[in-house]
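Below is one structure, written out as structure tokens; comments come after it.
Only heavy atoms go into these numbers, but all of them, side chains included; no hydrogens, no water, no symmetry mates.
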Amino acid sequence: MLAAVNPYLAFNGTCEAAFNFYKSVLGGEFDEIHRYKDIPGEDIPETEKEKIMHISLQLTENVWLMGADTSEAFGEATRFGDCVTLTICTTSEEETRRVFNLLSEDGKITMPLEKTYWADLYAAFTDKFGISWALNFMK
């Protein structure tokens, strides 16, 4: 039986900043942070040592937001696109507005936060790190 599906995000050197930002907006606690320098027996380029190899932010009992920095030094850098959108379903109008205002700051809003025929409040945007988000609130 499936317990959860947890998103895993890739970044080009901004993973730590992005996850600190997501934690400040969404709450939760980091339960794992590993850097490339922590890999035993590997000769890691100096420019890559402090980058995030794996991070996980526990948001609820069964939901983690996870991520890493990719790098051309290890193969291929991340290419950002529009094939994945993370959707947050909130429990109050106030929380929806708070999350929208913080997550969309310095990003690109594709659909402003407003009432739609399918939700009491909905918004779609790309954050300042290039990640696509949607917010959905229904009373």
Side-chain angles (χ1 to χ4, degrees):
M1 184 94 212
L2 183 65
V5 174
N6 296 300
Y8 204 101
L9 306 176
F11 297 89
N12 284 326
T14 59
C15 184
E16 186 169 13
F19 270 73
N20 282 326
F21 174 64
Y22 299 148
K23 181 180 179 187
S24 76
V25 174
L26 303 173
E29 293 297 325
F30 295 124
D31 63 353
E32 288 186 79
I33 301 175
H34 303 281
R35 298 180 187 280
Y36 284 103
K37 70 179 181 182
D38 299 328
I39 301 172
E42 291 291 323
D43 186 25
I44 306 297
E46 202 59 42
T47 58
E48 309 304 305
K49 286 184 176 182
E50 292 300 320
K51 290 183 180 177
I52 300 295
M53 182 186 75
H54 173 76
I55 191 168
S56 61
L57 175 62
Q58 187 170 8
L59 299 174
T60 70
E61 183 179 345
N62 295 314
V63 177
W64 284 262
L65 183 62
M66 297 180 278
D69 284 312
T70 60
S71 170
E72 290 180 30
F74 302 121
E76 186 175 322
T78 299
R79 290 178 288 158
F80 292 94
D82 58 2
C83 61
V84 174
T85 297
L86 300 178
T87 300
I88 297 175
C89 299
T90 53
T91 58
S92 72
E93 184 174 328
E94 178 182 271
E95 180 67 358
T96 307
R97 292 187 188 286
R98 185 190 76 78
V99 170
F100 173 76
N101 289 336
L102 292 170
L103 270 183
S104 66
E105 186 176 355
D106 297 327
K108 180 181 177 189
I109 297 170
T110 52
M111 185 171 176
L113 186 63
E114 59 190 13
K115 182 169 179 48
T116 65
Y117 70 88
W118 69 85
D120 293 300
L121 286 175
Y122 179 86
F125 55 92
T126 301
D127 73 19
K128 62 186 172 185
F129 297 101
I131 303 299
S132 296
W133 294 87
L135 290 176
N136 196 58
F137 168 66
M138 296 186 336
K139 294 179 185 171

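Transitive grouping of hydrophobic side chains (ILVMFWY, heavy atoms separated by less than 4.5 Å) keeps M111 and W133 in distinct clusters. Put simply, V25 and W64 are part of two different groups of oily side chains (I, L, V, M, F, W, Y) that touch within less than 4.5 Å, one to the next. Linking Ile, Leu, Val, Met, Phe, Trp and Tyr residues whenever their side-chain heavy atoms come within less than 4.5 Å places L26 and L102 in a single cluster.
For the pair K115 and Y122, the cation-pi criterion (under 6.0 Å, within 45° of the ring axis) is not fulfilled.
Rounding to the nearest 0.5 Å places CZ of F125 at 6.5 Å from CZ of F100. Atom CD1 of I131 sits about 7.0 Å away from atom CG of L86, to the nearest 0.5 Å. In this structure, the separation between CD on E42 and CE on M53 is 10.0 Å, given to the nearest 0.5 Å. Rounded to the nearest 0.5 angstrom, F137 CZ and T90 OG1 are separated by 6.0 Å. Here the CD-CD distance, from E29 to Q58, works out to 9.0 Å after rounding to the nearest 0.5 Å. To the nearest 0.5 Å, atoms OG1 (T87) and CG (N136) are separated by 7.5 Å.
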Discussion item. Test side-chain contact (heavy atoms from CB on, under 4.5 Å) on I39 and H34; report intermediate values, then the result.
Written reply: CA-CA 9 Å; I39 301 172; H34 303 281; over 6 Å; no

Discussion item. Could you go through H54 and Y8, starting from their C-alpha distance and side-chain angles, then the distance that decides it, and tell me whether this counts as ring-ring contact (aromatic ring centres under 6.0 Å, His included)?
Written reply: CA-CA 9 Å; H54 173 76; Y8 204 101; 5.6 Å; yes

Fill in: Verdict with reasoning, I52 to I33, per side-chain contact (heavy atoms from CB on, under 4.5 Å)
CA-CA 7 Å; I52 300 295; I33 301 175; 3.9 Å; yes

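Put simply, the side chain of T60 gets close to the backbone of V63: a donor and an acceptor are under 3.5 Å apart. Looking only at distances, a side-chain donor or acceptor of N101 sits under 3.5 Å from a matching main-chain atom of R97. D69 places a side-chain N or O within 3.5 Å of a backbone atom of T14 that can act as its donor or acceptor partner. D106 contributes no side-chain N or O that, together with a main-chain N or O of K128, makes up a donor-acceptor pair within less than 3.5 Å. Looking at N20, its side chain never comes within 3.5 Å of a backbone N or O of A17 through a donor-acceptor pair.
The heavy-atom pair separating L57 from G28 by the smallest distance is CD1-C, 3.8 Å. Looking at every heavy atom in both residues, E48 comes nearest to Y36 through O-CB, 3.5 Å. Of all heavy-atom pairs spanning A134 and T85, the tightest one is N-CG2, 3.7 Å. Looking at every heavy atom in both residues, T70 comes nearest to A10 through CG2-CB, 3.9 Å. Closest heavy-atom contact between I55 and C15: CG2-SG, 3.7 Å. Of all non-hydrogen atoms in F19 and G67, the two that sit nearest each other are CZ-N, 3.5 Å.
The shortest distance between side-chain heavy atoms of E16 and R35 falls below 4.5 Å. Counting heavy atoms from C-beta outward, L65 and N6 have side chains that stay 4.5 Å or more apart. Residues L103 and I88 form a side-chain contact, since some pair of their non-hydrogen atoms from C-beta on lies under 4.5 Å apart.
Between the side chains of D127 and Y22, at least one donor N or O lies within less than 3.5 Å of an accepting N or O. A side-chain N or O of D31 and one of S56 form a donor-acceptor pair less than 3.5 Å apart.
Taking a 6.0 Å sphere around CE of M138, one finds it holds 12 or fewer heavy atoms contributed by other residues, nucleotides or ligands.
Taking the six-membered ring where tryptophan is involved, the planes of F129 and F21 are tilted, since the angle between them lies from 30° to 60°.
The existence of a salt bridge linking K37 and E50 is confirmed by a sub-4.0 Å separation between a basic side-chain nitrogen and an acidic carboxylate oxygen. E94 and R98 are not joined by a salt bridge, as no carboxylate oxygen comes within less than 4.0 angstrom of a charged side-chain nitrogen.
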